[in-house]
Protein chains: 4
Amino acid sequence: MNVSIVGATGYGGIQLISLLKSNPNYKITFLGGNKTAGARWNDIFPFVNLQNNLLIEEINTNKIAEKSEIALLSLPSGISSTITPTLIEKGLKVIDLSADYRYKSLDRWKEIYSKESNIFKRNDYELCEEATYGLSEINQDAITNSRLIACPGCYPTSTLIPLIPFLTQGIIDNDGISVDSKSGTSGGGRDPKQDLLLAECGEGISAYGLINHRHTSEIEDILSSISGNEIELIFTPHLIPIVRGMFTTIYCRLKDPGLTSEDCKTLLESYYRKYLNIKILPVGVYPSTKWVRNTNDMYISLNVDKRNGRLVILSVLDNLIKGQAGQALQNLNLISGLDINEGIEFTNIYP
Amino acid sequence: MNVSIVGATGYGGIQLISLLKSNPNYKITFLGGNKTAGARWNDIFPFVNLQNNLLIEEINTNKIAEKSEIALLSLPSGISSTITPTLIEKGLKVIDLSADYRYKSLDRWKEIYSKESNIFKRNDYELCEEATYGLSEINQDAITNSRLIACPGCYPTSTLIPLIPFLTQGIIDNDGISVDSKSGTSGGGRDPKQDLLLAECGEGISAYGLINHRHTSEIEDILSSISGNEIELIFTPHLIPIVRGMFTTIYCRLKDPGLTSEDCKTLLESYYRKYLNIKILPVGVYPSTKWVRNTNDMYISLNVDKRNGRLVILSVLDNLIKGQAGQALQNLNLISGLDINEGIEFTNIYP
Amino acid sequence: MNVSIVGATGYGGIQLISLLKSNPNYKITFLGGNKTAGARWNDIFPFVNLQNNLLIEEINTNKIAEKSEIALLSLPSGISSTITPTLIEKGLKVIDLSADYRYKSLDRWKEIYSKESNIFKRNDYELCEEATYGLSEINQDAITNSRLIACPGCYPTSTLIPLIPFLTQGIIDNDGISVDSKSGTSGGGRDPKQDLLLAECGEGISAYGLINHRHTSEIEDILSSISGNEIELIFTPHLIPIVRGMFTTIYCRLKDPGLTSEDCKTLLESYYRKYLNIKILPVGVYPSTKWVRNTNDMYISLNVDKRNGRLVILSVLDNLIKGQAGQALQNLNLISGLDINEGIEFTNIYP
Amino acid sequence: MNVSIVGATGYGGIQLISLLKSNPNYKITFLGGNKTAGARWNDIFPFVNLQNNLLIEEINTNKIAEKSEIALLSLPSGISSTITPTLIEKGLKVIDLSADYRYKSLDRWKEIYSKESNIFKRNDYELCEEATYGLSEINQDAITNSRLIACPGCYPTSTLIPLIPFLTQGIIDNDGISVDSKSGTSGGGRDPKQDLLLAECGEGISAYGLINHRHTSEIEDILSSISGNEIELIFTPHLIPIVRGMFTTIYCRLKDPGLTSEDCKTLLESYYRKYLNIKILPVGVYPSTKWVRNTNDMYISLNVDKRNGRLVILSVLDNLIKGQAGQALQNLNLISGLDINEGIEFTNIYP
């Protein structure tokens, strides 16, 4: 299977290449990146050596279509929508890592991504409706048969995987959910930004985007659609001084305060029993983000306050793998007819 | 004013010495530390130079009483209670940084600190009742007239200061409060522990003590007593790879969902208007822990979700200063008849 | 004394303001910064509060001259030379933190700073010759009587202070000196650069500028001029993932291999006996950069290999204080007739 | 091939298990660790999952001999010598990661490791003489036929690989070599030590063991033996706040100052042409330790000061892989008749 990686030199693109470069099921045949077009990959990234040492090229839909059957797009929001319709038309399958096709309603996207929608005049309502939300373990069947997959990022993945089993089965209250998420700084991308300098964010922790963060709407939409109830929640992202890793702490309330931590753990285990990368921890064992570094795994742990039926759920993932490129590779496997986790079973790096 | 510092070589003790060594109002006259007894301070800590280069001595209540009028105890929980009654009896005032006198009821302490209570057989019920909880800005008057002050640590301080104005004035619901706290690793002390090694906790974040952390009970007791209502909350501490700093994110719900972020901000400003170190940020400005490093300040910011009246409050502090030694110095000022923040107005270290 | 700070919003400028804002000897009366001109200081830096909350203004020599007697310039190399001659002409004294006046010969500067010299067409040969190299402890007398002081940065300061006593007294060989320097990332400035992102430089160490780093020439020129011998050395800068701090390890050879570590230590102590901020450590005690964080101090330690008379010298400093703003303040004190270290005796932040 | 890992729960042991657990050529059949004996591996390390979930057992030579043909010992210096002679006698091959068999002369070991030699009364002179120094790329042939291999650690490996080609071919002066090495803190091991706490070594850099570090003698002995000349050098280890990684900067002098950087680069390339994990960089490209994280690779770069023929060489490696467990696995491959780098070609983790 020949694949293009478009937006190759951001962290998402680099991680995709690292994951795919020794994977016998896929061949990387095109690297797109406008800023570095004309350079050979190995000259810029000698430490992520590609055997065929591809040229990085200007993003061009004809070339992508000529060279590959599937395009993996790791582009900023808005830009993806400028090439995706053409690629689909040319018969490619597209796995998009941006937010452009994560909302069923393009109007909703325009509202949330108003800045981008002013720059990129979109009219691809039908593609938005058609696209499959690429949360691999939740939407496996739909993804398998899709030609356009909108991969969720790290924040929604770390929140949705733990919450969906409880919400779809009516175990927890629909309102009053609070999501406290902590992200490593690679989540902010590879383009230089002052607040992501080590001198700025080293030795400190901060929060941003309270109440109105874009991902709040994405998480709420998916939860509402999947559970059939209107979900409003509070989502607070924090920036912590690590390179990779995301830790999400979720606060909610059991409808039946008699349920124990063991009950809740069993429910999660049962829900994800087919997915070996979703690991439910014994009650009382709490994970570190280091447990998942360099892997596509998630660890989930939880605890119930017996006094009042309040439930705390913890999830950890590697924001560049399960939160980005690894999930894209799961989806790539699915549309290629392979096992969902084929070629993604890495050993974590510890310590 | 002559002061003893007992437990001088832990982070609390070292920070106390750093704060006091150039303070003209106090003279450090005794340093107690059993492990390093016999050594000169400057030989062990050449980078925290003491002009009188005191000898570190075995902890001895007669010596402490002989040399000082006030004892600052920075000892592990349990040990403090072995010398505090004697010191009080000898006429000293005691500022205790441990948990030994933070509970009005010694039986409650024995329940929460069961391990310590098995080692240290305490019977000082009356002292527990007499002791003043040393949250400086909340209990200023009581502290001023007290001879035994139990200083709260970083987690309760970072939680109580933001919550008390809302709970005592009945602005937020008593139940459903979630406190998500993130601490630098110096909060775990200077004794070597495997989980605090850089190789273990560097490049990662983890949670611990879910539901049952000791400080949950302390926070609940204080909030219940001060608000007159039974408060049960969820408190989740996290360990992040920074040396100093604590960031606490609090989730709760307004009783009157019509209140705005500005209203809530005004309420906090008004509550702490006399305390210049408690800084309330404009709505939409969110602090980093780096803003308070090396200071006794707290920054508080908040935001209301207009859709549902849910309130998010953020607080930051330096866990070794406002969360420990700085608060002790505020209390020392109060019992010495000085202005609460005399000699504690430091410039933060940025970047 | 009224002082202007020009280039206020870089790390050098911010640190100058932090150092001066509570210093009773100086009043900051002008803040210059083209990018943020028009904003109030406290709105941008709420955590470095200025009582008079100055407006940041466009850089304008008339205004600077009107409002102050001394200008502290914390500007990129090249730009400083566009306003310094005018300021000097208007009767101000100038303390320049850039490289523009560090070379006696403007032609030498043009050779080393060729990129800047193409942009900024300089002809101020005489000012270059007149300017005093602001290494405070070495050039105290000349600085005192100077109207233009070129402050050295962190790398030369950390190298020159330990080497000068040995070279001027002919204790070590003139050739074969190797300087291995490790810098925190704040040394790279506050402008966003990809290689200074936490995600890039966190959890790694790298070297740059081998053999030809600009500071090699500066260090060699000063050492040659001060020792009367032509000095050629090897200087290798490294980037390490800390915010503040510089550690320099120097390898050289004693002319008389019979000299002991104690002899060498005594020589340094004697050389700097008047300067309390230059601290020579006992033989066998090695410093960390944490010992000097937030201070203007340097610690120096050394050891001799008795087998062959080779000498290793270690120095640590805070790159933003003794390596930048603190040294500028020492020089400001000197030209203001104050004690060199007046108002710069801070306690380090530990841990 | 059945292998025992003795000292399984230190960083060396954990890394060995991570490297071997999915390697089809070897089967881990015994895990030895006295402190955790009796526990199942996966209960202690859920994030380094072993399919056969071995029991950790007391270290017992009979059991080791019964269950395996090769023993990998990751034990503190001194302890290894208490079981190695027995294991060898029982017919096992031993790959020892400690210093116990790195010196040809046991008397030399007793001198350097005097503390250990007081505790462990050794008399295995012949085994010391017989043991092969396990620097894989240098001693490939000897290793292949050896039954006892003493693997060098990170400091010697990072120093010897770059220096040996130059010294054996007489390209550089034998004296005047300075080695400045910077290590991540995992090099200090997993046992809790105060100076390795994040609160202590975070945000700082320090040096230790000047002149007399144990590894100085090891490096000198190997270089002297291999080059046939008496080599005395200066070695200075530094501790930097990263988990993994070692950066070594070497200063020396070319005998023929006419040699260029390109010449020296070509020499290295030629020397290591058979070893794909030893990567020589183009002149002017300098590596970061992040390039080798999670790999068994070394990058080497160098530069010559044309003015005086001084040569600077940089090397980077992952201290737990090429500096420890990866090198052991190379040696395991060699004595097992496999290709030296079979099963060790990992992709680095970036960023």
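Per chain, numbering begins at 1; letters A, B, ... match sequence-line order.
A:Tyr271 contributes no side-chain N or O that, together with a main-chain N or O of A:Pro162, makes up a donor-acceptor pair within less than 3.5 Å. A donor-acceptor pair under 3.5 Å links the side-chain atoms of D:Thr157 to the main chain of D:Gly153, judged by distance alone. D:His238 contributes no side-chain N or O that, together with a main-chain N or O of D:Ser206, makes up a donor-acceptor pair within less than 3.5 Å. A distance-only check finds no donor-acceptor pair linking the side chain of D:Asp318 to the backbone of D:Gly245 [under 3.5 Å].
With a 4.5 angstrom heavy-atom cutoff, D:Tyr299 touches chain A only via side-chain atoms. Heavy-atom distances place the side chain of D:Gln15, and not its backbone, under 4.5 Å from chain A. Contact annotation for A:Lys279: neither backbone nor side-chain heavy atoms come within less than 4.5 Å of a heavy atom of chain D. If you measure heavy-atom distances from D:Leu19 to chain A, you find no contacts under 4.5 Å at all. Using a 4.5 Å cut-off between heavy atoms, A:Tyr11 touches chain D through its side chain atoms alone.
Identified by a heavy-atom distance below 4.5 Å to chain A, the contributing residues of residues 285-294 of chain D are D:Lys290, D:Trp291, D:Arg293, D:Asn294, in residue-number order.
Of the charged side-chain nitrogens involved, none lies within less than 4.0 Å of a carboxylate oxygen, so that A:Arg273 and A:Glu269 do not count as a salt-bridged pair. One finds a salt bridge joining D:Lys322 and D:Glu137 here, because a Lys/Arg side-chain nitrogen approaches an Asp/Glu carboxylate oxygen to under 4.0 Å.
When A:Arg190, A:Glu203, A:Arg244 are compared by the number of non-hydrogen pairs under 4.5 Å with chain D, A:Arg244 comes out ahead. By number of non-hydrogen pairs under 4.5 angstrom with chain D, the leading residue of A:Pro351, A:Ser22, A:Pro282 is A:Pro351.
Annotation: side chain of A:Cys201 is not in contact with side chain of A:Pro241 (no heavy-atom distance under 4.5 Å).
Annotation for A:Leu302 and A:Ser261: closest pair CD1-O, 3.4 Å, computed over non-hydrogen atoms.
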Give the C-alpha distance, both sets of side-chain angles, the deciding distance and a yes or no for side-chain hydrogen bond (donor to acceptor under 3.5 Å, both in side chains) between A:Asp297 and A:Asn277. CA-CA 4 Å; A:Asp297 297 339; A:Asn277 61 316; 5.3 Å; no
